[in-house]
Amino acid sequence: MSTSQKLSVQALQWSGHSLKVLDQRLLPETIAYDEYNDAAGVTEAIASMRVRGAPAIGIAAAYGVVLSAMRHYPNADWQSAVEQDIQQLAASRPTAVNLFWALDKMRRLLAQNPAEPIAALTQLAEQIHAEDIAANHAMGERGADVIGDAKAVLTHCNAGALATGGYGTALGVIRSLHKRGQLQNVYADETRPWLQGARLTVWELAQDGIPATLIADSAAAWLMKSGKVDWIIVGADRIAANGDVANKIGTYSLAVLAKQHGVKVMVAAPSSTFDFSMENGDSIEIEQRNPKELLPDCYLNDGSLVDAWNPVFDVTPAALISAIVTERGVVIDPGLHGVRSLAPC
Ligand SMILES: CSC[C@H]1O[C@H](OP(=O)(O)O)[C@H](O)[C@@H]1O
């Protein structure tokens, strides 16, 4: 696909009675949407990473609850059937708190016994979607304000429109910097093993005419030692009360390297990514995915030759983070202050 071709690609498209999900396992070669009419399908779309990215997972799950209610209401005991679907959605992936945040919002609405449950649930899911996009634009501007003029930034994984309702968190900051003319270059690392950086971020930025330079994950240290980047900008999947951040595997090593080389680290995440029930990141569940996602094809026919350990997130201590940017505000040096100042009032 030519980089000049501009596509308003969205991870999720809600029709009012079905959810179309862009199958991100096939990008960038193929743009294909699967259409879902029930919660079980949405659960599978999340678990298989057809849709991925903390905010996008939460939004998809919210629509999954709407589809569940559409299927079961007004049968007898329809609320129990919906609750079972909610539990299935909650079991799809463990680390991104946005999934549980969205499901809890839908549950709390159901507990109020709205007179028109389908309409009420639909309105809330659409509100969650719209507010995420608005939050990303607000974060983009706040993050660009913090960074000012940057030689270049390095981003890890994909925290873009493909991982959210639209515009992106880390890529939202990059989009805002680019619009202001404040950015000389964007480096994107490949983000093994799923290659969110090489397959999604480089491609997504190209749709906006934002050139990105791809690097191997193992080149990040040398890039920083070469003085080529000022900031690392990433998203998040769960942020504890002390500012510890769970994000894509490899984020922690980038933060350690950044400290060694005087590079600053920015985390951009909506307030739905905070988990104030957790004092620190020690108890954040780290998803372990199928080793087959890590093994080269040559081993797939004979798994006896090699074992594989495939944690797909890690936790970066707040002390290694320079700024956490949300739609509610910014915390500089979260290691000193925690992030409770960003809690909802
Ligand atoms: C906008 S936050 C996206 C966040 O989710 C990614 O994980 P996955 O691709 O496995 O869903 C990664 O941690 C990103 O930072």
Side-chain angles (χ1 to χ4, degrees), residues 10-12 21-25 27 45-61 92-102 129 132-133 135-140 143 154-175 188-201 203-205 217 232-239 244-255 265-275 281 284-290 293-294 310-316 321 324-327:
Q10 294 171 297
L12 301 167
V21 173
L22 175 62
D23 188 343
Q24 299 190 34
R25 303 172 306 172
L27 288 175
I46 295 169
S48 62
M49 293 178 67
R50 284 175 174 82
V51 56
R52 34 65 50 196
I57 289 172
I59 295 163
S92 56
R93 293 184 76 188
T95 305
V97 70
N98 314 63
L99 169 64
F100 308 97
W101 168 84
H129 194 169
D132 182 70
I133 297 169
N136 293 337
H137 284 275
M139 267 186 278
L154 167 64
T155 191
H156 182 62
C157 196
N158 173 266
L162 292 170
T164 65
Y167 199 70
T169 58
L171 295 198
V173 175
I174 286 170
R175 285 186 164 98
D189 66 24
E190 56 191 347
T191 316
R192 283 188 49 73
W194 215 78
L195 301 179
Q196 288 92 334
R199 294 190 302 109
L200 306 182
T201 292
W203 179 77
E204 179 181 328
L205 290 176
D217 293 322
I232 291 170
I233 310 179
V234 296
D237 290 81
R238 192 182 296 238
I239 303 174
D244 289 351
V245 171
N247 195 51
K248 184 52 50 193
I249 189 78
T251 303
Y252 172 54
S253 48
L254 287 174
V265 178
M266 176 180 284
V267 173
S271 48
S272 54
T273 313
F274 288 93
D275 182 352
I284 295 176
E285 183 177 352
I286 299 298
E287 181 182 6
Q288 305 284 333
R289 288 190 69 87
N290 189 326
E293 292 181 0
L294 180 58
N310 189 22
V312 292
F313 296 102
D314 57 27
V315 176
T316 299
I321 297 168
I324 294 180
V325 176
T326 79
E327 77 282 13

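Remember, it's 1-based here, ligands and their atoms both numbered in the order they're listed. All values below come from the heavy atoms of this structure, side chains included, with hydrogens, waters and symmetry mates left out.
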Checklist outcome for this item: among protein heavy atoms, the one nearest atom 8 (P) of ligand 1 is Lys248 NZ, 3.7 Å

Item to check | Separation of Ile239 CD1 from Ser271 OG (nearest 0.5 Å) | outcome: 9.5 Å

Checklist entry - For ligand 1, which atoms have a heavy atom of Arg93 less than 4.0 angstrom away? => result 8 (P), 10 (O), 11 (O)

Checklist entry - Is the closest heavy atom of Ala236 to ligand 1 under 4.0 Å? => result yes

Checklist entry - Does Asn158 come within less than 4.0 Å of ligand 1, judged by its heavy atoms? => result yes

Checklist outcome for this item: When every non-hydrogen atom of Arg93 is compared with those of Val312, the smallest separation belongs to NH2-CG2, 4.4 Å

Checklist outcome for this item: Separation between CG (Asp314) and CD1 (Ile284), nearest 0.5 Å, reads 10.5 Å

Item to check | Check ion pair Arg175-Glu204 (N to O, under 4.0 angstrom) | outcome: yes

Next on the checklist: For a quick test of reading the model, state the closest non-hydrogen atom pair linking Ile286 to Pro311 and the distance between them.
Outcome noted: CG2-CB, 4.0 Å

Next on the checklist: Checking the N or O distance criterion of under 3.5 Å, is ligand 1 in contact with Gly53?
Outcome noted: yes

Item to check | Ligand-side contact atoms (ligand 1) for residue partner Ala159, heavy atom cut-off under 4.0 Å | outcome: 1 (C)

Checklist entry - Does Phe313 have a non-hydrogen atom less than 4.0 Å from ligand 1? => result yes

Checklist entry - What are the atoms of ligand 1, with element, lying closer than 4.0 Å to any heavy atom of Pro55? => result 1 (C), 2 (S)

Next on the checklist: Just to be sure I read this right, does ligand 1 sit under 4.0 Å from the backbone of Cys157, its side chain, both, or neither, counting only heavy atoms?
Outcome noted: side chain

Checklist entry - Any heavy atom of Val312 sitting closer than 4.0 Å to ligand 1? => result no

Item to check | Close-contact set for ligand 1 against Thr164 heavy atoms, below 4.0 Å | outcome: 1 (C)

Checklist entry - Can you tell me if Asp237 has a non-hydrogen atom under 4.0 Å from ligand 1? => result yes

Item to check | Over 12 non-hydrogen atoms of neighbours within 6.0 angstrom of CZ in Arg289 | outcome: yes

Item to check | Cation-aromatic face contact Arg199/Trp194, 6.0 Å, 45 degrees | outcome: yes

Item to check | For Asp132 against Pro55, the heavy-atom pair lying closest together | outcome: OD1-CB, 3.4 Å

Next on the checklist: Within ligand 1, which atoms have a heavy atom of Gln196 less than 4.0 Å away?
Outcome noted: 8 (P), 9 (O), 10 (O)

Checklist entry - Is there a heavy atom of His156 sitting under 4.0 angstrom from any atom of ligand 1? => result no

Next on the checklist: Just verifying a value: how many Å separate Thr251 OG1 and Ile232 CD1, rounded to the nearest 0.5 Å?
Outcome noted: 9.0 Å

Item to check | CZ on Arg238 to CG on Asp275, rounded to 0.5 Å | outcome: 5.0 Å

Next on the checklist: What protein heavy atom lies closest to atom 14 (C) of ligand 1? Include the residue and the distance to one decimal.
Outcome noted: Asn247 OD1, 3.6 Å

Item to check | Expected output: side-chain Thr164 to main-chain Ile133 donor-acceptor under 3.5 Å | outcome: no

Checklist entry - Do Arg52 and ligand 1 have an N or O pair less than 3.5 Å apart? => result yes

Checklist entry - Where's the contact between Met49 and ligand 1, heavy-atom distance under 4.0 Å: side chain, backbone, both or neither? => result side chain

Next on the checklist: I want to know if ligand 1 touches Thr169 in the polar sense, i.e. an N/O pair below 3.5 angstrom.
Outcome noted: no

